[in-house]
Every structure is written in C-alpha cells, then in structure tokens.
Amino acid sequence: MRKTIVAATIAALGSFPALAGVAVSSVDGVSPYGVPATFQFDGVTPQYSGTIYTDSVGGVRAQPAGSTGGYGAVGPSNNQSSAVLDLSAFGAIDSITFLWGSVDNYNWLSVLGTGVTFNGGDQGVSPATGNQTNPNSNRLVTLTFTGADRWNVTGLQFSSTGNAFEFDNVNVRTGAVPEPASWALMLGGFGAIGSAMRSRRKTALSFS
C-alpha cells in the first residue's frame, strides 16, 4: 500500500512544470530601476547576439513602457526571431531582473544552462495582452536562482513566433558581499581556529 502511495505521489509531482532552482515573479514595470541596469542596450552590447532598437514600428515592435534609450526585440518582422544574451562570465548568479515589454503568449524565454523555458502568461508573467502602454502588461520580471542553478545559468534566450518580444534593463545580481558584521564573525572564527591549531602544535611538541 505504501509503495502505491509513493508511486502515485511521484507521478503527481511529475505532472507539474519543473523549474528546478529557478523562481519566477513579476510586478508592474514602471521606472524599474533606481540604479543603472547591467545591460541597458543603450550602446554596443557584445554579450547580446541581436539587434538593438531605439524606435517603435507599428505591427513590428514597440519600446517597452518604462524603457528609455535602446532595447532588444525579436520577432518574425524584426531581424531575427531569437537572440541570446550571454551571461557565462558572471559565475554564480543570484537573480536576474528585466523589463518584459507588451507581454504576449508567443514570447518565449529560455534560461540557458537550467533547462527552464516559459512563455508570456506563464509562471505569473501576466497578463499577456500585448498592450504596449499599460504598465500591467509591461512586466518587471525577476528570476531568482538557488542551489546548483546559481552556477548553471549561462544566458537568456529571447524568442518569439509573433511580433514581438521586447525587453530592456537586464540587471544581473551575483553573490552578495558579506555585511561588516558578517566579516567580523568570519575573522573571529578564523582567529579561533588559528589559536586552536597553535595550541595543538605546542602540545605535540612538548616533552614529559
């Protein structure tokens, strides 16, 4: 009976989309950053394989609400339907935040290295109405990583089967620097370990 229950539980868990150590959340995307983002697409961005735009073209692409300057966009009527932002140089990544413009369900985001892929309207990135001016459908999306996935992330792939997937202000946060109090505790701990090692060394060298 227990084996049956365990098997049924595993089967039920397997029916849910697996995001592993990746959590997705989003809020209205108005004036998303108080500090400059890691990638603002306001100039040459070697890590990005796509085209950077500064204009809006009806039926083709529109600058995300809350975005200023350049932005990225992919879609059939743009230069390409898919583009990659290379993040392999960052090492362990704690979180990634970016502005997802006029969310549509034909916009797809793949977090390279983790096996995670989802579309607009999925994982709380909604509503997917394609509205170009309403902050409610121009979402500030946050990807939070835990466990091994902090090290597995190598990039973001933006894809769209319709016009278009627009995005801007990608902010990458890596391992947090310890607070001064944490440093003090760490140094104190190292000091205690050093004292213990010296004491053991003296004991080992003593003669009776």
Side-chain angles (χ1 to χ4, degrees), residues 17 19 22-33 36-90 93 95-144 153-172:
L19 287 189
V22 183
V24 183
S25 62
S26 71
V27 296
D28 289 0
V30 178
S31 301
Y33 297 108
T38 312
F39 299 100
Q40 294 181 307
F41 304 108
D42 287 341
V44 177
T45 307
Q47 298 87 344
Y48 178 56
S49 68
T51 301
I52 294 173
Y53 301 96
T54 56
D55 61 350
S56 294
V57 180
V60 178
R61 60 182 174 270
Q63 187 174 39
S67 166
T68 58
Y71 67 98
V74 294
S77 296
N78 293 277
N79 284 358
Q80 53 197 146
S81 294
S82 180
V84 171
L85 180 63
D86 183 2
L87 304 177
S88 59
F90 284 89
I93 295 176
S95 67
I96 300 171
T97 307
F98 72 98
L99 185 59
W100 186 330
S102 53
V103 179
D104 287 292
N105 58 14
Y106 50 73
N107 302 155
W108 291 87
L109 180 72
S110 296
V111 186
L112 302 180
T114 69
V116 171
T117 297
F118 60 95
N119 68 324
D122 192 14
Q123 304 299 334
V125 186
S126 59
T129 61
N131 190 297
Q132 298 173 358
T133 59
N134 189 340
N136 192 236
S137 59
N138 289 260
R139 310 294 292 173
L140 181 62
V141 179
T142 299
L143 311 173
T144 304
V153 183
T154 59
L156 298 178
Q157 182 174 27
F158 306 89
S159 306
S160 188
T161 56
N163 293 321
F165 188 165
E166 301 98 342
F167 45 91
D168 196 6
N169 296 345
V170 179
N171 199 32
V172 180

Where the side chain of [X] meets the backbone of [Y], is there a donor-acceptor pair that is under 3.5 Å apart?
X	Y	result
Gln157	Ser110	no
Thr45	Gly43	yes
Ser160	Gly162	yes
Asn119	Asn105	yes
Ser137	Pro127	no

(request) Test Asn171 against every option in Thr38, Thr142, Thr97 by the side chain to side chain donor-acceptor pair (under 3.5 Å) rule and name the one that passes. (result) Thr38

Heavy-atom check, side chain of [X] versus side chain of [Y], under 4.5 Å:
X	Y	value
Asn107	Val125	no
Pro64	Tyr71	yes
Leu156	Leu143	yes
Thr68	Gln40	no
Val74	Ser82	no
Leu109	Phe98	yes
Ser126	Val103	no
Pro76	Thr161	no

What's the separation between atom [atom1] in [X] and atom [atom2] in [Y], rounded to the nearest 0.5 Å?
X	Y	atom1	atom2	answer
Ile52	Asp42	CD1	CG	8.0 Å
Ser25	Leu140	OG	CG	8.5 Å
Ser49	Asn79	OG	CG	11.0 Å
Phe41	Leu99	CZ	CG	11.0 Å

(message) Ring-plane angle category for Phe167 and Phe165, please: parallel below 30°, perpendicular beyond 60°, tilted otherwise.
(response) perpendicular

(request) Tell me yes or no: between the side chains of Asn131 and Thr129, is some donor less than 3.5 Å from an acceptor? (result) no

(request) Answer with yes or no whether the side chains of Gln80 and Thr51 bring together a donor and an acceptor at under 3.5 Å. (result) no

(request) Can you spot which of Asp28, Asp104, Asp168, Asp122 makes a salt bridge (Lys or Arg N to Asp or Glu O under 4.0 Å) with Arg139? (result) Asp28

(request) Test Val153 against every option in Leu112, Val172, Ile93, Val116 by the side-chain contact (heavy atoms from CB on, under 4.5 Å) rule and name the one that passes. (result) Ile93

(message) Restricting to non-hydrogen atoms, name the atom on Gly130 and the atom on Ser102 that form the minimum distance, rounded to 0.1 Å.
(response) O-CB, 3.4 Å

(message) Minimum heavy-atom separation for Arg61 and Glu166, please, with both atom names.
(response) CA-OE2, 3.4 Å

(message) Centroid separation under 6.0 Å, is that true for the rings of Tyr48 and Phe39?
(response) no

(request) Evaluate the side-chain contact (heavy atoms from CB on, under 4.5 Å) criterion for residues Ile96 and Leu87: first the C-alpha distance (whole Å), next the side-chain angles of each, then the deciding distance (0.1 Å), finally the verdict. (result) CA-CA 10 Å; Ile96 300 171; Leu87 304 177; 3.5 Å; yes

